Every structure is written in structure tokens, then in C-alpha cells.
Amino acid sequence: MPKLPSIKTCLLLSTRSYYTRHRHVSQNHVFPPNESRQTATSLSSALQHHINSDTPFYGQTIHTHILKTGFVPNTNISIKLLILHLKCGCLKYARQMFDELPQRTLSAYNYMVAGCLKHGLAQESIGFVRRLVLEGERPDGYTLSMILKASNSGGDVMLPRNVGGLVHAQVLKLDVDPDDVLYTALVDSYVKSGRVGYARRVFDMMIDKDVICSTSMISGYMNQGSVGDAEEVFDKTVEKDVVVFNAMIEGYSKSVETAGKALEVYIDMQRFGFRPNASTFASVVGACSVLAGVEIGQQVQCQLMKSEFFSDVKMGSALIDMFSKCGRVEDARRVFDHMPMKNVFSWTSMIDGYGKNGRPKEALELFYRMQKSCITPNYVTFLGALSACGHAGLVTEGRQIFESMERDYSLKPRMEHYACMVDLYGRAGILDQAWELVMGMPERPNSDVWAALLSSCTLHGSVEMASIAAKELFKLNAEGRPGAYVALSNTLAAAGDWDNVSELRELMKSRGILKDTGCSWVGTEK
DNA sequence: CATCACGTGA
């Protein structure tokens, strides 16, 4: 039987292989220990070194070595090993270390929660929160901020709807300093759940409002179309950074009215000495596409080409999108062809660009070529391909693509896809197929689907189906869709059902949807 | 042991 290496050898082994690759790192923890207690101490400091210098894999090496010796790590070492495994992304080992701990402290729990979150396992992380509460621990500021993060992670995390409020209450109970990062996390949580008013209230409690929380606040305001409030917060932000500028530019770039300001801020930030980064360029190019300003867009493109982001995939997609929106598909295609690296986004932008510019053949051709290369289409790609089929009236092809979604890529069609298919059948005049699809949906159709069905009925004069679709639509959110009333009214009128038309018009008037009759001003000037 | 917070495209 081979002799097991001693701890001393382990340390030397792991550190030697480490130093051959990282000669610049100080060697102050390599001292060979003489006694067992010292062994633990020097082992601990070696592990600490790998935690601090972000070289977790070497720390893991130490673990495999000490496992061979049969050395039983103390709590201190176990926790360090746990941290190292988390840093390496080995949740399995981390969990094993965690379960073997003699006593599980709050900080150990917090590590597990954070580790799961970092690897996208929000549900798992909440599981650890549950466990710590069941074991009688009280969540501290760290735990609370991670609960917020988990709830913001978007996934299907089982949490009460108003987590933000519940955490807020706990925060107030804990009596934490308003300038703690936790307050920033709270602001961000409220912003992300769309409750900007609450976010502002928390924000106002903070005395030292730094860039980070201001940025959260700004993006919250920008997402609502309250540009003025965003500007107010932005102006009050003393120590600005690239990110705040980006948040402003991104916000401004969304609408035609403010896209010009996006360009101004872009110039401003450079004047203040901030170098634009990939996100900045993406937003600025976005602003150009909103303005349909190819000229400025091309100027930005030139600047971009000279920057270090010239080959950035994000940039390429933004440029493709801009040129497509300006109706210059050929230019978009040139960008696409010259991209050194392409990802799903690049392909999707290009497919969508062809679709939106009335070139379904090219869109589909690209869609098939993409599948032949190693890029896997996603939800948005399918949406682009399906809408291209819709524009071209390619029913059979559309159906095949729709079916391949789940079969070949295990992507469950979303509401948008169903709406797209209904639209495809509807435009082609195959209303019964559209109806069948809607009835066979696994989930309840949303307003987009009913709206697509309604407009198909309007197109082909099917009054009965139109009224069903309209009824469902009104049940959902008719207020946001004045078009629904108009479509139904047109269908009824086309069928000569004037009684219902006038009834509907009354309804529209009472709900404040019917505006004054439009009239032309042409010829009224003196 | 020393975790947690801002912008990201179709």
C-alpha cells in the first residue's frame, strides 16, 4: 500500500504546482508546519490566501490532498473549504461541506444562499433561507439583501408577491443604518417590481445617496416614462460614473422625443472625461435607430470601430438593428457578415431585420442556416421566423417551425408565439385553424392572442368569432387596447349589425375611449 | 470565515 502524504507534503504539493504558474504571488504561507495545531493554522492561512487572491482552484487542490491523509478539518477550515468550492462553482461539494459542519452558523447559511444565487439557483437559495429560519436563526442584513436578489432574479421562485414590503419591514425592525447597502438593495427591489413610489420613499431616507442607488432610482423612473424625475435624481448625483450616464442615455434612447437628448448626454459624458463602454455604444446606436438617423448612426459606428469594442457582439447586434430600423437591410447585412463572432442575438437581429423589411425569404433562409451552424435559436428567434412566415403567407412552413420549437429545442411556445400563429392562420383566412389553436392552448390565452384572433375575424368578416374574441379581450384589459373596440365595431358594421355598433359606441364613450371625431386642418387656414 | 447593491441588446 502506498504511503499517504503528510499534511506538510500536501501543502507543498499544492503550493508548488500553484507557484509554477503564479510566480508573482507572495510565498509567505508555505512554511512547513511541525505540529498538528500549527498544521491547522497554516492550512487555514493557505486556504485564506486562495480565497483572497481569487485562486479557488488551488484551494480545491489542497482539499483533495488533505482528504487523502484522513485529516479531519476543524470548523474554520471547513468553512474556508466551503467558500472555495462555492467560488469554483462546485455547489455539490459546498453543500456536502455545509451538511457536515458541526454547527451551522448564520454566516455559513449566508454563504450557501449567496453561492446558490451566484449560480442562478434562486429557488435553492431560498431553501437555505427557509432552513436557517427553521433552525431558529434570524436573517441579518446580508440574508435580507439576498432574499431581495432572489426575488428579482426573474425565475420561478416561490416567494410572496410583496417580498419587497416584507423585507422592508424586517429591515426597519433590524434598525440598520440607512446608508447600508441593504437600503440600496431595497430601492432596487422596489424599482424592479415597478413600485417606484416606494423606492423613492426608501431612497429619501438615505442620507448619503451614492451613484449606485441613484442609478437604480433613475432606471426606475426611466422605465415609467417619468423622464423629469430621472433628470432630477441625475442632476443631484454628485459623483457620477459611466453607469449613471449609461442609464440616462439608455432611458432617453427609448422614445423619439428624447432620443436626441441621449446623443447630447453621450457627448456630455465624454466632455466630463468618461470613456464610453460597450453598453454606452449599444444605447447610443439604439437612440440612432429610434431617430432613424442613419447619418449620426454611421458617425457613431465610425467612433465604435476605433474603440476597443469594435468586435463586440452586442455592438454588432445593435448596429444590425439600427440599420434594419432605418430600412437599410443591406447595410445591416454587411455588419452581420463582417462580425468576427456571431451569437444568437446577432442572428436574431438579422432575421428580424429581414422580416421587418418585408424580406421573409431571406429571413427564413438565414433561420435555417443558423440552425445548421452551431447556434441554437431561442424564443425571440422563433418569433422572428414565425412573423416572417406570417408576412409571406407561408402557412405550412410556419406550422412546421412552430412545431419544431418544442420538439427539437424543447422551447415551450409562449403567448407571443401563439399570437403570431393565430395571426398567420388568420391572415391566410384559415380561421378554423386559428380557432383550434387558441382552444388547444395549454394556458389561458392572453389579450395578445385574442387581439390577433379578433383582427383576423375583422379581416375575414366572421362576426360570431369576432364577438367571442372581443368579449374575452374586454374581460382582460380592454382599456389598454382601444383598437379592440374599433376592430369589433368595424366587424359589426361590415356585417350590418348597426344595433350592436351603436351600443358599442356608447360603451366606448362611457369608458372614455371614444375620442372626438378627427378632422383635417388642411384648407382651414386663411 | 467575511457574503450583499447600479447599466445589457432582439
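Small disclaimer: the values here were computed from a predicted structure and weren't measured. Protein chains get the first letters and strands the later ones, always in sequence-line order, with residue 1 at the start of each.
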Q: When all nucleic acid strands are considered with a 4.0 Å heavy-atom cut-off, which category describes A:K80: base, sugar-phosphate, or nothing?
A: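 Sugar-phosphate: the residue A:K80, judged by heavy atoms under 4.0 Å, touches backbone atoms but no base.
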Q: May I have the distance from A:D312 (atom CG) to B:dG7 (atom P), rounded to whole angstrom?
A: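 That distance rounds to 18 Å.
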Q: Assess whether a salt bridge exists between A:R334 and A:D337, defined as any Lys/Arg side-chain N lying under 4.0 Å from an Asp/Glu carboxylate O.
A: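 Looking at A:D337 together with A:R334, the answer is no, because their closest N to O distance does not fall below 4.0 Å.
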Q: Would you mind telling me which of B:dT8, B:dA10, B:dC4 lies closest to the side-chain atoms of A:S279?
A: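 Between B:dT8, B:dA10, B:dC4, the one nearest the side chain of A:S279 would be B:dT8.
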Q: Expressed as a whole number of angstroms, how long is the span from A:D241:CG to B:dG7:P?
A: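 Rounded to the whole Å, the gap is 11 Å.
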Q: Nearest whole Å is fine: how far is B:dT8 P from A:I218 CD1?
A: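 After rounding, the gap between these two atoms is 12 Å.
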Q: For A:I212 and B:dC6, what is the distance between atoms CD1 and P respectively, to the nearest whole Å?
A: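 About 8 Å, once rounded to whole Å.
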Q: Looking at the side chain of A:I83, which of B:dC1, B:dG9, B:dC4 is the nearest nucleotide?
A: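 Among the listed nucleotides, the one closest to the side chain of A:I83 is B:dC1.
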Q: Under 4.0 Å between a side-chain nitrogen and a carboxylate oxygen: does that hold for A:R359 and A:E330?
A: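 Salt bridge present between A:R359 and A:E330.
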Q: Looking at B:dG9, does its base get a donor-acceptor pair with the side chain of A:S317 below 3.5 Å?
A: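 Under the 3.5 Å cut-off, the side chain and the base do not form any donor-acceptor pair.
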Q: Contact between A:F281 and A:K314 at the side-chain level, heavy atoms closer than 4.5 Å - yes or no?
A: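 A:F281 does not reach A:K314 side chain to side chain.
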Q: Classify the side chain of A:N277 versus the base of B:dG7 as yes if they form a donor-acceptor pair under 3.5 Å and no if they do not.
A: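 Side chain to base: pair present.
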Q: Under 4.0 Å from OP1 or OP2 of B:dC4: is there any side-chain N or O of A:K118 that close?
A: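 The answer is yes; a side-chain N or O of A:K118 sits under 4.0 Å from OP1 or OP2.
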Q: When you get a sec, tell me which of B:dA5, B:dC1, B:dG9 is the closest nucleotide to the side chain of A:D188?
A: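 Given the options B:dA5, B:dC1, B:dG9, the side chain of A:D188 is closest to B:dA5.
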Q: Is the closest basic N to carboxylate O distance between A:R95 and A:E124 below 4.0 Å?
A: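 So A:R95 pairs with A:E124 through a salt bridge.
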Q: Between B:dA5, B:dG7, B:dC1, spot the one nearest the side chain of A:E250, thanks.
A: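 Output: B:dG7.
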Q: What is the distance from CE of A:M315 to P of B:dA10, rounded to the nearest Å?
A: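 A:M315 atom CE is separated from B:dA10 atom P by 11 Å.
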Q: Nearest to the side chain of A:D210 - B:dA10, B:dA5, B:dT8?
A: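 In terms of side-chain proximity for A:D210, the closest of B:dA10, B:dA5, B:dT8 is B:dA5.
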Q: If you compare every side-chain N and O of A:K192 against the phosphate oxygens of B:dC6 (OP1, OP2), does one of them come in below 4.0 Å?
A: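 Looking at the OP1 and OP2 atoms of B:dC6, one of them is under 4.0 Å from a side-chain N or O of A:K192.
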Q: Among the nucleotides B:dG7, B:dG9, B:dT3, which one has an atom lying closest to any side-chain atom of A:N343?
A: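 Looking only at side-chain atoms, A:N343 lies closest to B:dG9.
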Q: Report the distance from atom CG of A:L386 to atom C1' of B:dA10, rounded to the nearest whole Å.
A: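 Spelled out: CG on A:L386 to C1' on B:dA10 is 15 Å.
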Q: Among the candidates B:dC6, B:dA10, B:dC4, find the nucleotide nearest to the side-chain atoms of A:V181.
A: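 So the side chain of A:V181 is nearest to B:dC4.
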Q: Rounded to the nearest angstrom, tell me the gap between atom NZ in A:K209 and atom C1' in B:dC6.
A: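 Distance check: A:K209 NZ to B:dC6 C1' gives 16 Å.
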Q: So, A:Y266 versus A:F245, ring centres under 6.0 angstrom or not?
A: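 No, the ring centres sit 6.0 Å or more apart.
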Q: Nearest-Å distance, NZ (A:K149) to P (B:dC4)?
A: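 It is 7 Å, rounded to the nearest whole Å.
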Q: I want to verify a distance call: between B:dC1, B:dA10, B:dG7, whose nearest atom is closest to the A:T348 side chain?
A: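 So the nucleotide nearest the side chain must be B:dA10.
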Q: Salt bridge or not between A:K236 and A:D229? Use side-chain N to carboxylate O under 4.0 Å.
A: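 No, A:K236 and A:D229 are not salt-bridged.
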Q: Would you say OH of A:Y198 has more than 12 non-hydrogen atoms from neighbouring residues, nucleotides or ligands within 6.0 angstrom?
A: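 No, OH of A:Y198 has 12 or fewer neighbouring heavy atoms, counting only those of other groups under 6.0 Å.
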Q: A:N52 near the nucleic acid: base, sugar-phosphate alone, or nothing, with a heavy-atom cut-off under 4.0 Å?
A: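 The residue A:N52 makes sugar-phosphate contact but no base contact.
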Q: Where the side chain of A:S145 is concerned, which of B:dC4, B:dC6, B:dA10 is the nearest nucleotide?
A: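 Nearest to the side-chain atoms of A:S145, counting from C-beta on, is B:dC4.
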Q: What does A:D180 touch in the nucleic acid at a heavy-atom separation under 4.0 angstrom: a base, only the sugar-phosphate, or nothing?
A: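 If one applies the 4.0 Å heavy-atom cut-off, A:D180 turns out to touch nothing in the nucleic acid.
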Q: Using a heavy-atom cut-off of 4.0 Å across all strands, would you classify A:N76 as base, sugar-phosphate, or nothing?
A: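 Since only primed, P, OP1 and OP2 atoms lie under 4.0 Å of A:N76, the category is sugar-phosphate.
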Q: As a test of reading the structure: which of B:dT3, B:dA5, B:dA10 is closest to the side chain of A:A185, going by heavy atoms?
A: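 The closest nucleotide is B:dA5.
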Q: Between the base of B:dT3 and the ring of A:Y142 - centre-to-centre under 5.5 Å, planes within under 30° - is that a stack?
A: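 Yes; centroid distance and tilt both under limits.
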